[in-house]
Number of protein chains: 2
Amino acid sequence: MSEHKVISFDNIKVACRNCSLTSLCLPMGLTPEDVDQLDTIVRRSRPLHRGDHLFRQGDEFQCIYVVKTGTVKSFDPGEDGSEQVLGFHLPGEMIGLDAIETGYHHCSAKILETTAVCEIPFTRLEELSSTIPSLQHQMYRLLSREIGHDEDMLTLLGKRNAEERLASFLLSLSGRFQRRGFSPSDFYLSMSRHEIGNYLGLAVETVSRLFTRFQDEGLLKVERKHIQLMDIERLKQILHNDQGGGVRERQIP
Amino acid sequence: MSEHKVISFDNIKVACRNCSLTSLCLPMGLTPEDVDQLDTIVRRSRPLHRGDHLFRQGDEFQCIYVVKTGTVKSFDPGEDGSEQVLGFHLPGEMIGLDAIETGYHHCSAKILETTAVCEIPFTRLEELSSTIPSLQHQMYRLLSREIGHDEDMLTLLGKRNAEERLASFLLSLSGRFQRRGFSPSDFYLSMSRHEIGNYLGLAVETVSRLFTRFQDEGLLKVERKHIQLMDIERLKQILHNDQGGGVRERQIP
DNA sequence: AGATTGCTTTGCCCTGGATCAAGTAACTTT
DNA sequence: AAAGTTACTTGATCCAGGGCAAAGCAATCT
């Protein structure tokens, strides 16, 4: 995906104030002074590599993580290894919010491609947010957004058929790439077919067959991980066909 | 269900400090003084009746609602009426958290049986929470809990079969009733088979057949809305059979 | 270069649960 | 109390998508 990156590796160690993700991330809506305050508690990681765990289910909850570059997968590793993928996280997205309640992580998080993250010790973030109202507000917004997103996924899994699920998934990625300055119609998937299927409640084979079918129908071109959306409008129509409903479009910057 | 109520109608207008839900609700972990502070911004509603809307999708977001007595259903009413039930809310549970982000409600909420709710103007709650750290903490916890709960539902819809879904649903209700002082094994459903099916991603017929089957197998007794769980242990085993996994037990007080 | 390993695709068959279609029981209205 | 309405159950059929098996294709190792 690197050839499409606008938000580039320059970001790895920059302060929040100079980070191009600022408008999608925790600092959104803060004054420059408040961002500097926030900056004092943010820790930047060295790059992590494919397969690394950011944290594991059951680990003590210390930090909220924000993706800076790369992609992270969060998943519930079941009791016996039958994992359920809960999300794919792109730059600017937060991970670990479900751990606040109990103090330990309910899911695991694994790196899909070389990734840098910001770590924010939650206790300090909490302290800071009670002195900076706009930070508190932004925290509420981000937590609320996560809830809204999960609810959209519930509708996806509860009501949509295989075709609608994959179309919805691709459009979600497309929109999120676009908001990050990447091409909305030409990108590389950092997750496997297996992970996509798992996330969407489908078998690998079904995902594979659908990619083939979408390609045959001229909706897109696939070549392994490389996706080119050829007809985004028609993909959107798929969501609004059938029993209508359609996944309400949601901004997940 | 009224014959089982321990948390009774006495609650309808009591202040938070005297409310028996206090340990499940927003005041959890607050000092008595802080609870009184909170109390000044809480508005208590007169009882609402079956079919009433608490709010509708698209309404401007003003208040967080907390069920005091009764049951509320939240749902996404799709574009054309193909609704998706998102949750059933018992006393002490909050509704409308997904609206914080955008300032309007993403789902609708409807009363299932005569219900009293507390309304908490969100702006005032936000202000108050920046002066009471333990209130802020509790808000973060509740928002996080909602995320965790939704993630459990994603696993349910993504991985479990019909039998596991219904067992999980009944056990969830059972536990939540118990924590509220009701019988965990003898209760009335305030939602229809249709709503249960919708919530669990199943057809009404499937839900009906499963109730019959569970009854034939001696797991429970059903008579319309009246449920008696006869073998909770065996119901729990259903969740841990098959591909293992099993819905991790979670406290949703 | 050839072999090993790990995705992905494709063909084939099968099943869980949806859908369709009646029938029945409870609740509402008149 | 009869008639209408809505919710639930039960039976019969169907099919979208799952599971299995084998082959294809990249990438890495020897």
Side-chain angles (χ1 to χ4, degrees), chain A residues 49-51 73 82-85 110 112-114 156-170 188-217 220-227 238 241-243 245, chain B residues 49-51 73 81-85 110 112-114 156-169 188-217 220-227 238 241-243 245:
Chain A
H49 300 289
R50 176 167 179 80
K73 161 182 93 164
S82 74
E83 77 178 49
Q84 168 69 42
V85 174
K110 217 173 186 175
L112 291 184
E113 58 179 343
T114 305
L156 188 84
L157 295 179
K159 292 276 171 305
R160 309 285 159 233
N161 66 24
E163 182 179 80
E164 293 165 330
R165 294 182 197 192
L166 187 63
S168 173
F169 172 70
L170 292 171
Y188 284 79
L189 300 172
S190 46
M191 66 295 288
S192 69
R193 300 287 191 271
H194 183 85
E195 288 164 327
I196 295 172
N198 188 312
Y199 179 58
L200 298 177
L202 300 172
V204 205
E205 294 93 329
T206 305
V207 174
S208 180
R209 280 185 258 265
L210 281 170
F211 270 126
T212 310
R213 206 172 95 207
F214 282 177
Q215 177 160 252
D216 291 347
E217 290 169 353
L220 48 75
K221 287 185 187 167
V222 210
E223 202 195 342
R224 289 213 124 224
K225 308 259 175 192
H226 183 197
I227 305 287
I238 291 180
N241 278 352
D242 276 279
Q243 56 276 65
Chain B
H49 300 289
R50 176 166 180 79
K73 163 182 92 165
S82 73
E83 75 177 49
Q84 168 69 41
V85 175
K110 217 172 185 177
L112 291 185
E113 57 179 344
T114 306
L156 188 85
L157 294 179
K159 292 275 170 307
R160 309 288 158 227
N161 65 23
E163 182 179 79
E164 293 166 328
R165 292 182 199 192
L166 187 63
S168 173
F169 173 69
Y188 285 78
L189 299 172
S190 46
M191 66 295 287
S192 68
R193 300 285 190 273
H194 183 85
E195 287 164 327
I196 295 172
N198 188 311
Y199 179 57
L200 298 176
L202 300 172
V204 205
E205 295 93 327
T206 305
V207 174
S208 180
R209 279 186 255 268
L210 281 170
F211 270 126
T212 310
R213 205 171 95 207
F214 281 177
Q215 176 160 254
D216 292 347
E217 291 169 351
L220 48 76
K221 287 184 186 164
V222 211
E223 201 195 343
R224 286 214 125 224
K225 307 259 176 192
H226 183 199
I227 304 286
I238 291 179
N241 279 351
D242 277 278
Q243 56 275 62

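Chain identifiers are assigned alphabetically (A, B, ...) following the order of the sequence lines, protein sequences preceding nucleic acid strands; residue numbering begins at 1 within each chain. The structure displayed is predicted, hence computed values, not measured ones.
- Distance, N161(B) CG to dA18(C) P: 11 Å, rounded to whole Å.
- Between V222(B) and F211(B), the shortest heavy-atom distance links the atoms CG2-O, 3.9 Å.
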Acceptor/donor pairs from residues 197-208 of chain B side chains to any protein atom, 3.5 angstrom cut, sequence neighbours excluded:
unit_1: N198(B); atom_1: OD1; unit_2: K159(A); atom_2: NZ; d: 3.1
unit_1: N198(B); atom_1: OD1; unit_2: V85(B); atom_2: N; d: 2.8
unit_1: N198(B); atom_1: ND2; unit_2: E83(B); atom_2: O; d: 2.8

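- Here the C1' atom of nucleotide dT8(C) and the CZ atom of R213(A) are 18 Å apart, to the nearest Å.
- Rounded to whole Å, the distance from CG on L200(B) to P on dG16(C) is 19 Å.
- Taking only side-chain nitrogens and oxygens, S208(A) never comes nearer than 4.0 Å to OP1 or OP2 of dT10(C).
- Atom CZ of R165(B) sits about 14.5 Å away from atom CD1 of I238(B), to the nearest 0.5 Å.
- Taking a heavy-atom distance under 4.0 Å as the criterion, the stretch of DNA chain D touched by chain B extends 5' to 3' from dC8(D) to dA12(D).
- For R209(A), whose side chain is taken as the heavy atoms from C-beta onward, the closest listed nucleotide among dC12(C), dC7(C), dA18(C) is dC12(C).
- Considering only side-chain N and O atoms, K225(A) lies under 4.0 angstrom from the phosphate OP1 or OP2 of dT8(C).
- Distance, E205(B) CD to dG23(C) P: 16 Å, rounded to whole Å.
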Practice problem: For the pair R50(A) and L112(A), evaluate side-chain contact (heavy atoms from CB on, under 4.5 Å) and give the outcome as yes or no after the intermediate values. | Solution: CA-CA 5 Å; R50(A) 176 167 179 80; L112(A) 291 184; 4.1 Å; yes
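- In this structure, the CZ atom of R165(B) is 14 Å from the P atom of dG16(C), given to the nearest Å.
- When atom types are taken as modelled, the side chain of K225(A) and the backbone of M191(A) share a donor-acceptor pair closer than 3.5 angstrom.
- Among the atoms of the strands shown, only primed sugar atoms or phosphate atoms (P, OP1, OP2) are found under 4.0 Å from some heavy atom of R224(B).
- Looking only at side-chain heavy atoms (C-beta outward), R213(B) and L210(B) come within less than 4.5 Å of each other.
- Between the C1' atom of dT8(C) and the CG atom of L210(A) lies a distance of 14 Å, rounded to the nearest Å.
- Contact of the R224(A) side chain with the Y188(A) side chain is not registered, since no non-hydrogen atoms from C-beta on lie closer than 4.5 Å.
- For the pair H226(B) NE2 and dA26(C) P, the interatomic distance rounds to 15 Å; values are reported in whole Å.
- Taking only side-chain nitrogens and oxygens, T212(A) never comes nearer than 4.0 Å to OP1 or OP2 of dT9(C).
- In this structure, F211(A) places its CZ atom 14 Å from C1' of dC7(C), rounding to the nearest Å.
- At a threshold of 4.0 angstrom between heavy atoms, the contacts of G197(B) with the nucleic acid are absent.
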